[in-house]
Amino acid sequence: MQGVVGAFIAKELSHYDVKVLVLDKENDFANQTTMANSAIIHSGYDPKPGTLKAKLNVQGNQMYKDICHYYKIPFNQMGSLTVAFDEAGVARLHELKDQATINGVEVELLSAEEVLAQEPAINPTVKMALLAPTASIVYPWQITFALFDHSISNGVEVKLGQEVVALRKAQEGYTIETKSGEEFQAHHVINCAGLFGVEIQKMIEPTEDAITPRKGEYFVLTRGAYKYVNHIIFPLPTERGKGVLAVPISNREILIGPTSEVIDDFDDVTTTKEGLSYLIKEIKNTMSTVPTDRIIHEFAGLRASSTRHDFIIEESKYNTGLYHVIGIESPGLASAPAIAKYLADLAAFEQLPRKTNFKEYQPTTLITKHKQVKDHPDYGVIICHCEHVSRQEIRDAMHGNVGSHTIKGIKKRVRAGFGPCQGGFCEPTIVRLISQEMGISPKEVLHDGPNSAVLKRDSKEIFKT
Amino acid sequence: MKARKEYDVIIIGGGPAGLAAAVEAHARGLRSILIVERENQLGGILLQCIHNGFGLHEFKEELTGPAFAQRYIDKVYELGIEYLLEASVTMLNPDRSVMIVSKEGFVRYFAKAVILAMGCQERPRGAISIPGSRPAGVLTAGAAQKYLNMDGYLVGEKVFILGSGDIGLIMARRMTLEGAKVVGVAEIQRQPNGITRNIVQCLHDFHIPLYLSHTVTRIYGKERIQAIELSQVDENLKPIEGTEQYIEVDALLLSIGLLPNNSLSEGVGIALSKATKGPIVSNDLQTSIPGYFACGNVLHVHDVVDYVVAEARRCVDGVMHYLSNQISEERHIEVTAHTGLHYVVPQSIKPQTLGAKQRFYFRVKSPDHRVKIQIFADGMLIKESLKSHVVPAEMEYIEVDINDAVRQAQHITLALHKEEA
């Protein structure tokens, strides 16, 4: 479990005097569903009242502000607008308002004039919008890094690049075997494997649940699209999901997406011609213009939709001490802190002995931009010019509890390569920096996974004898 | 308290445009000049362009990129012009103060005039939305060039190049010379996008196929790129179904166009042209914010560095006029590109600063033979020039004698006129 839900659970457990091991097949934190999603802390009016989703979404939303404050992570409470363009839509917004009241979420209906005054780029045929002021934006991987960093400082052990291939009942507790051939023993197992949750479950017990990956494709508009939208903009939700959104993920970038397509390949994060043209077609229904000349990036992510259409957080019916956290689709990010609390109650974490020496958060890596250039001159040498990332920040990203020495890992940590040139200028410099700092050949520097070396061979190599 | 850092002219960028502007400013008598360069050496992108063909106009000889740059770097040293290395401008202000971050920390520098010479950048994959996976081995031709020519590494051994921009063409030859197999170069347009010399010397001479009216429609490979899908496109540039070819490669280089680097200019509110993506300038190369001037690839993308340095010198003309306060509020004559032309630079002229002649630089929209470039002042034809062959990849100019008709005009327009057979 390397994602945001796993991070909150690990952090919960780090308060207790127990040995905790986190295993994941990915070689970086926040590398799957947490990596590629809409970055939204949903307000919680949307899930069906009475579901676990509804309850945990609303609770999670209320928890984020303090969490981000504690971890010094930007938390942008910009609010969301769900917009309707016809009478049927207006009626639906009234229903959603009632649903919000049941779920305990503050909302407000805005007239077309009020909407257009705040969001001039919205299609002027808008009739009404539902404002949910508590909807917010957070970078999911930032929160994941901070939580794992904190957990590791409090004794949680993490082994990445360890794919679980077997889960067996042992004399006492469980044996977990990984692809590398290592075996681990545990009294309790929390199965929080995202898309692969049911697969892990099936290693040890039968289940009627199934995960269907739902692919979401997105594109990113770069700076200059600034002020294109000021709120998270939702069309009216449908059976297929929340529709194609416009999300100001930072002051300068806007995310447009996602598509929502059920697929059968758990590894398929490819973008498609159909997906991208669908996004443009759909967003044009909501917005009067789309600055497509500002597109700098597209990506796709997978959501772990379960056949129960609700979060599955429960102890195994067959195996005591085995807990499943499965089917955490949208609003999984918003619900993540509440999911961890819910699991903590369910599994009675409180009965575990508390650590007496629990350490408050002190980042071991991941640098703030306010470091003193005076003391560390390399904080003043900019390597990624688009995002103003310094040489020392890139070095810092390689170290600490959650350090990484891949190109993508560094991009996630300090935004190097995030801007308009997408690493065209800085990537060779970063490869050189990683090679120097880690004492490896530039040819060993990876883009992301194990076989993703950036460089192929030395020039002139084939002429050498 | 620290002394206020103040210069007559601050030049942002230590590439050919910035260096040539600095040398020219010195020649014109300025002594308070500062060049700000973000890399750890002067020279800019030219330093990674180790092929020859630079300097034919400027020095009447064929130099490599580093050799060309060195001539200007030597002059900067010789003249004792000040420069900062590993120094990045983070913000421009309307009062011509410039925030610079370096090992010294964040320092605000003041200038009477600022020359923007930040060059350009390559469009990334996202700009053209190629579907498929996002593996290692897909990168801009410029990044591949830096890896090869500066660091000594090849990014692939079986390479495909998308886009026939000059850097892509040069890299086709470079990688071939280093023993890689360049499987082909695809160009979505019906005609190449690089200059003719490079098509001949980098592709034809090495028997590298050029697929015109083709584009890459999918990228395959999980960790590292394994293959591409190449498709033919119709006249609307849409891929034609059934024409897909699957080509195994271990690298895809993108040479799909250059964009002037104007994040900083945008930040201070300098008006940018939709066509060039560079600042809108008057004939003195001054931008919409007084005291800010632009030259080189940040103004509009040039195909030859010799034109960049020539433009930098013209830019200093404008700076000198401005510093000697010869220009007060005055009338601008609007200059616009019409039929057949993609853009024209400058976008306006100021009658009081005009010399005896004025050049207008332009690019055509599509290739053509036997065309006339015509200039009108308020609709009256004042000059026309016959061109036997024009292509969008090659920047052209037309020079006009300045007479009263020009001075008193409201609008100057340029248009391409097809010569009847």
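These numbers come from the heavy atoms of this one structure, side chains and all, not from hydrogens, waters or symmetry mates. Numbers restart at 1 for each chain; the letters A, B, ... are given by sequence-line order, proteins then strands. All values reported here derive from a predicted model rather than from experimental measurement.
- A donor-acceptor pair under 3.5 Å is absent between the side-chain atoms of B:R125 and the main chain of A:I296, judged by distance alone.
- Of all the listed residues (B:P135, B:A143, B:G152), the one sharing the greatest number of non-hydrogen pairs under 4.5 Å with chain A is B:G152.
- Here the side chain of B:E223 pairs a donor or acceptor atom with the backbone of A:G449 at under 3.5 angstrom.
- Panel note: side chain B:R134, backbone A:A300; no donor-acceptor pair is recorded below 3.5 Å.
- How far OG of B:S129 is from CD of A:E217: 10.5 Å, rounded to the nearest 0.5 Å.
- Taking CG from B:L148 and CG from A:L455, the interatomic distance works out to 10.0 Å, rounded to the nearest 0.5 Å.
- Rounding to the nearest 0.5 Å places NZ of A:K273 at 7.5 Å from OG of B:S231.
- Heavy-atom distances place the side chain of A:L276, and not its backbone, under 4.5 Å from chain B.
- Checking side-chain atoms of A:T271 against main-chain N and O of B:G132 turns up a donor-acceptor pair under 3.5 Å.
- Contact annotation for A:D268: neither backbone nor side-chain heavy atoms come within less than 4.5 Å of a heavy atom of chain B.
- With a 4.5 Å cut-off on non-hydrogen atoms, A:V431 touches chain B through its side chain but not through its backbone.
- No side-chain donor-acceptor contact under 3.5 Å links A:R457 to the backbone of B:L154.
- In summary, B:E266 and A:R294 engage in a salt bridge, as defined by a charged side-chain N under 4.0 Å from a carboxylate O.
- Between B:A136 and A:S452, the closest heavy-atom pair is CB-O, 3.5 Å.
- For the side chain to side chain contact (heavy atoms under 4.5 Å, CB included) with A:F425, the lone residue among B:R38, B:E39, B:E122 that qualifies is B:R38.
- Side-chain contact check for B:E104 versus A:V373: every heavy-atom pair is 4.5 Å or farther apart.
- Distance NZ/B:K222 to OG1/A:T270: 10.5 Å, rounded to 0.5 Å.
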**Request:** Evaluate the salt bridge (Lys or Arg N to Asp or Glu O under 4.0 Å) criterion for residues B:E178 and A:K456: first the C-alpha distance (whole Å), next the side-chain angles of each, then the deciding distance (0.1 Å), finally the verdict.
**Result:** CA-CA 12 Å; B:E178 292 291 346; A:K456 201 75 188 175; over 6 Å; no
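- Under a cut-off of 6.0 angstrom, the local environment of NZ in A:K284 is sparse, with at most 12 non-hydrogen atoms contributed by other residues, nucleotides or ligands.
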